[in-house]
There are 2 protein chains.
Amino acid sequence: MPRRENISMSVIRRLPRYYRFLTHLKQKGVTRISSTELSVKLGLTASQIRQDLNCFGGFGQQGYGYIVDQLCDEIGNILGLSNEYKAILIGAGNLGRAIASHMSFDDEGFRLVGIFDSSPSKTGTRINGQIVRDTVELEDFCQKEQPTMAVLCIPRDGVHTVIERLYNLGVRNYWNFSHYDIAMKYDDTVVENVHLNDSLMTLCYRISNPSQK
Amino acid sequence: MPRRENISMSVIRRLPRYYRFLTHLKQKGVTRISSTELSVKLGLTASQIRQDLNCFGGFGQQGYGYIVDQLCDEIGNILGLSNEYKAILIGAGNLGRAIASHMSFDDEGFRLVGIFDSSPSKTGTRINGQIVRDTVELEDFCQKEQPTMAVLCIPRDGVHTVIERLYNLGVRNYWNFSHYDIAMKYDDTVVENVHLNDSLMTLCYRISNPSQK
DNA sequence: TAGATTGTTAATCGATTAACAATC
DNA sequence: TAGATTGTTAATCGATTAACAATC
């Protein structure tokens, strides 16, 4: 029954939410949960939850439900959270500093191994104990450390050239916070965008148009 | 032809992207664009773009296309970006500080009027010229200033009580950065979630499962 | 065994794409 | 006028929901 190919993005984006909630249940000491209970707590339908989980295998037991601990671990495995992919962060401005701190205390599949900035006012300073390197060191560093992923916290205009350098260095997965949609010509890359401005504008729309739910 | 009710979230979430790209075109001095050109640049179909825009009215001209300047303004209006909704920010940690700076130099529909934190190490400090107030002042401040929206950059466990206080003060729109899904019992609220952890886990999945596009 | 709840197939709903007539 | 491109309807595709047989 477990397929595991061509899982839709809609399903994938719900997995972290399941994981987050199951972790919470685990901490509260809940051992067993049914799809119906889950659906109520998460505001989804029980059907959808079972449908989602069965993309990856049958983790439940008929007549009983799901074992919280086990399901949580399974989803963690599916997400690949036990990996420690090496990540670097480019751009140690306000947002970069926040993300760097965020990631180091709560690593989910990644380990931050380097922070870079091109401004002399930032290089040499420390974020959570890690030194901020000059971006000119990028080539040397990447050849040595071979990071898997780069967090991009730089202004729009800098993105293009940095991406090119990173791609050539073999760093081909990006967590992009810049106000810019990275359109990759290559298909061996993964880009996960976090467009805070877009989110804020969406909120503005929803406040301005209360007719919609 | 302009309807303007029950616009689907899928459409709404594409609007900021259109807006962002059109602003960029405007800056580059492009005056005219067709749905086909747009579709190529944005990686969508021309059909979808025309379909999306026609939820709000016919902004184009047959045989000609869209006037960049005009379309950009129209979308800005639809989003409500000329509003200056008063916003407050709760939680002046790393992320809170980053968002506060972010919002003040690039305001899209909002104006940050207050920053709050409950830790004595933070209160009294300044972020982008604005003082960080003690959260105990929340009631007085909100009664006086009547903010429309609250940015939540506090840890999970604090959210519940803060939301309750805010709701009772009439602050019912939230931009939520906490690792927590705000489930509102009331329907006069709007919650826009930014779950950075979820985004990171999704990225981890996509790196770990390269079979998928 | 009887009751409960899953896994899975079938039905519905909504969103995207295609097609084309209207019109600038 | 002829060419181009929109606005809009119709067709397709995918995702969500409902239903139920399998089974713990």
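Residue numbers begin at 1 in each chain, while the letters A, B, ... track the order of the sequences. Remember, predicted model here, so these are calculated numbers, not experimental data.
Straight-line distance from the CD1 atom of I33(A) to the P atom of dT6(C): 10 Å, rounded to whole Å. Note: CD (Q70(A)) to P (dT6(C)) measures 13 Å, nearest angstrom. Atom-to-atom, CD1 of I67(A) to P of dT5(C) comes out at 14 Å; the value is rounded to the nearest Å. Rounded to whole Å, the distance from CD1 on I12(A) to P on dA15(D) is 10 Å. For the pair R14(A) CZ and dG14(D) C1', the computed distance is 12 Å after rounding to whole Å. The separation between F56(B) atom CZ and dG7(D) atom P is 14 Å, rounded to whole Å. Note: CD1 (I49(B)) to C1' (dG7(D)) measures 14 Å, nearest angstrom. Summarising the geometry, the separation between CD on Q48(B) and C1' on dT8(D) is reported as 16 Å, rounded to the nearest angstrom.
Closest-nucleotide positions on DNA chain D for D52(A) and L53(B) were compared, and the one nearer the 5' end corresponds to L53(B). Each of E37(B) and T45(A) was assigned the nucleotide of DNA chain D with the nearest heavy atom; the assignment lying further toward the 5' end belongs to E37(B). Nucleotides of DNA chain C nearest to T36(A) and Y64(B) differ in position, and the one nearer the 5' end is that of T36(A).
Here Q61(B) does not reach the OP1 or OP2 of dC24(C): none of its side-chain N or O atoms lies under 4.0 Å away. At dA18(D), none of the side-chain N or O atoms of S47(A) fall inside 4.0 Å of OP1 or OP2 (strictly under the cut-off). Contact between the side-chain N/O atoms of Y66(A) and the OP1/OP2 oxygens of dG7(C) is found at a separation under 4.0 Å. The side chain of Q62(A) places no N or O atom within less than 4.0 Å of a non-bridging phosphate oxygen (OP1 or OP2) of dG7(C). For the OP1/OP2 pair of dT16(D) and a distance below 4.0 Å, the side-chain nitrogens and oxygens of R50(A) include no atom meeting the criterion.
When atom types are taken as modelled, the side chain of E145(A) and the backbone of G114(A) share no donor-acceptor pair closer than 3.5 angstrom. Judged by distance alone, with hydrogens and angles left aside, the side-chain atoms of R14(A) form no donor-acceptor pair with the main-chain N or O of I49(A) at under 3.5 Å. Under the 3.5 Å distance criterion, the side-chain polar atoms of T135(B) are matched with a main-chain donor or acceptor of D117(B).
Relative orientation of the Y85(B) and F110(B) rings is tilted, given thresholds of 30° and 60° on the angle between their planes.
Residues L138(A) and L166(A) form a side-chain contact, since some pair of their non-hydrogen atoms from C-beta on lies under 4.5 Å apart.
Across all strands shown, dG14(D) forms a Watson-Crick or G-U wobble pair, both distances under 3.5 Å, with dC13(C). Using N1 to N3 plus N6-O4 or O6-N4 for Watson-Crick, or N1-O2 and O6-N3 for G-U wobble, each under 3.5 Å, dA21(D) pairs with dT6(C).
A donor N or O paired with an acceptor N or O is not found under 3.5 Å between the base of dT6(D) and the side-chain atoms of Q51(B).
Among the atoms of the strands shown, only primed sugar atoms or phosphate atoms (P, OP1, OP2) are found under 4.0 Å from some heavy atom of S35(B).
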